[in-house]
Student: 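Have a look at this one before I ask anything.
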Amino acid sequence: MKETGWAWVGRLAGFVALFVACALGLGLVASLFTGPDAAASPTIAWWMVVPVLTASFAATWLLAVLVDGQRLSWLGLRGGIGGVTELVLGSFAGVVIVGVPVLILAALGWVSWTASAESSFWRGIEVSALVFGAALAEELLFRGYPFRVIQARFGPVAALVATSTAFGLAHGANPGIGPLAFLNLGLAGGLLGVVYWRTGSLWFVGGVHFGWNWLLAASGLSVSGLDVSISGLDAVLSGPPLWTGGAFGPEGGLLVTLVTAIGTVWLWRIGGSTGDGGRSSASPDAGPQDGPRDEEGEIRSEDDSSS
């Protein structure tokens with residue numbers, strides 16, 4: 001059953017207000033520990049990730065759990081081995097998808113690597129953790145509670161379009177972004193939205209996001225225009241910027257456009273058997289529902305499921 005009325009506006013407005021308030025407060029505290037030039041840094045750092053991750057989780061918990069009376073599993077944050085398995089499988093899928101254009105770039109000789117003198121094992125671990133935190137924070141913000149609320153009111157397609165658009169717009173100020181990069185980020189948001197819709201697992205979609213970003217960082221390539229290196233490799237792109245993405249990284253090129261489209265279809269097909277996407281069709285006022293689902297997230301009858 002879809003929601004009616006305007007309650008969804010209040011839920012989304014409350015979510016955004018809580019997130020902004022928490023993020024600004026925590027960001028102010030973090031600024032006390034950073035230098036004056038920190039804001040101009042083109043790479044990832046703890047003062048960027050920790051306030052956003054903490055604020056996104058706090059807003060999610062306050063609205064979904066405290067206000068709506070749901071469990072975090074309603075959002076697809078299962079505990080135990082099930083959640084870990086979904087995270088691992090999602091990370092593998094993300095590595096596979098973005099690994100394809102990286103391999104094509106290497107095969108065509110459009111990317112070369114040199115060793116970096118600034119690398120270290122522990123720095124790689126630190127940045128990997130930050131990449132994971134950033135991916136999870138963005139999934140809490142753009143899938144998670146907002147996706148559930150919009151889907152409960154308008155259906156999954158509207159939730160997919162709205163969250164994908166917001167995801168692309170949120171990256172509009174990244175260094176070196178251009179029209180194609182902006183389009184690709186919107187398409188990537190669509191891919192992640194499809195994953196969340198089909199699996200119902202925030203761990204799985206967070207894993208896809210993390211695996212995608214981690215593979216780029218491990219390859220020494222820019223991640224959405226940010227210099228995020230974890231492997232001690234510096235990558236140099238020398239092919240046509242239209243295909244390689246140039247300084248923005250592969251996400252600004254046509255190779256990623258094509259692979260994202262193909263990856264979306266692939267994850268749509270495998271997503272229905274990976275997790276319980278049915279919770280995404282429940283409203284914030286309803287408890288989790290069980291039973292087999294069709295592609296629209298509706299519960300099928302026993303006769304339908306056996307046909």
Side-chain angles (χ1 to χ4, degrees), residues 40-45 48-49 90-138 167-168 170-189 191-192 206-264:
S41 174
T43 189
I44 193 170
M48 295 178 179
V49 175
S91 300
F92 176 75
V95 166
V96 169
I97 292 171
V98 82
V100 171
V102 173
L103 288 175
I104 293 174
L105 290 172
L108 294 174
W110 289 350
V111 61
S112 59
W113 288 275
T114 58
S116 172
E118 300 179 358
S119 64
S120 72
F121 174 78
W122 292 113
R123 176 58 180 168
I125 296 297
E126 177 189 1
V127 175
S128 295
L130 291 174
V131 169
F132 173 72
L136 183 58
E138 291 187 356
F167 181 81
H171 293 80
N174 282 30
I177 193 168
L180 184 55
F182 187 79
L183 171 65
N184 282 346
L185 289 172
L187 291 175
L191 179 149
L192 294 168
V208 173
H209 196 157
F210 166 66
W212 176 297
N213 288 351
W214 185 89
L215 192 280
L216 290 176
S219 301
L221 295 160
S222 295
V223 181
S224 301
L226 299 176
D227 180 15
V228 184
S229 179
I230 64 175
S231 62
L233 295 175
D234 287 331
V236 177
L237 293 169
S238 57
L242 179 64
W243 290 94
T244 66
F248 191 80
E251 290 165 306
L254 279 177
L255 279 177
V256 164
T257 308
L258 298 174
V259 170
T260 302
I262 296 171
T264 300

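Here, residue 1 is the first one in the sequence, and each next residue gets the next number.
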Student: Sub-3.5 Å donor-acceptor pair from the side chain of Trp113 to the main-chain atoms of Ser219, do we have one?
Tutor: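 Looks like yes, one N/O pair under 3.5 Å.
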
Student: State which residues pass side chain to side chain contact (heavy atoms under 4.5 Å, CB included) with Ile125; sequence neighbours excluded, sorted by chain then number.
Tutor: Phe121, Trp122

Student: Is any side-chain heavy atom of Ser128 closer than 4.5 Å to a side-chain heavy atom of Trp214?
Tutor: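 The answer is yes; the side chains approach within 4.5 Å.
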
Student: List, one per line, each side-chain donor-acceptor pair under 3.5 Å for residues 240-249, sequence neighbours excluded.
Tutor:
from, atom 1, to, atom 2, distance (Å)
Thr244, OG1, Pro240, O, 3.2
Thr244, OG1, Gly246, N, 3.2

Student: Measuring only between side-chain heavy atoms, which start at C-beta, is Pro250 closer than 4.5 Å to Leu221?
Tutor: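 Contact flag for Pro250/Leu221 side chains = yes.
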
Student: With sequence neighbours left out, write down each residue that passes side-chain hydrogen bond (donor to acceptor under 3.5 Å, both in side chains) with Thr264, or none if nothing qualifies.
Tutor: none

Student: Could you grab the distance from atom OG of Ser222 to atom CG of Leu237, nearest 0.5 Å is fine?
Tutor: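 Answer rounded to 0.5 Å: 7.5 Å.
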
Student: Working to the nearest 0.5 angstrom, can you tell me the gap between Leu215 CG and Ser91 OG?
Tutor: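 Between atom CG of Leu215 and atom OG of Ser91 there are 11.0 Å.
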
Student: Measuring from Leu192:CG to Glu138:CD, what's the distance to the nearest 0.5 Å?
Tutor: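 Here the rounded value is 9.0 Å.
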
Student: Hey, could you give me the CG/CG distance between Leu216 and Leu226, rounded to the nearest 0.5 Å?
Tutor: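 Interatomic distance, Leu216 CG to Leu226 CG, rounded to 0.5 Å: 11.0 Å.
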
Student: Heavy atoms only: give me the nearest Thr260-Leu191 pair and the separation to one decimal.
Tutor: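 So the minimum-distance heavy-atom pair works out to O-CD1, 3.6 Å.
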
Student: Suppose the criterion is side-chain hydrogen bond (donor to acceptor under 3.5 Å, both in side chains): which pairs have a residue in residues 249-259, not counting sequence neighbours?
Tutor: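 Of all non-adjacent pairs touching residues 249-259, those that pass side-chain hydrogen bond (donor to acceptor under 3.5 Å, both in side chains) are Asn184-Thr257, Trp212-Glu251, Ser224-Glu251.
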
Student: Would you mind writing out the side-chain donor-acceptor pairs for residues 95-111 within the sub-3.5 Å range, not counting sequence neighbours?
Tutor:
none

Student: With sequence neighbours left out, write down each residue that passes ring-ring contact (aromatic ring centres under 6.0 Å, His included) with Phe132, or none if nothing qualifies.
Tutor: Phe210

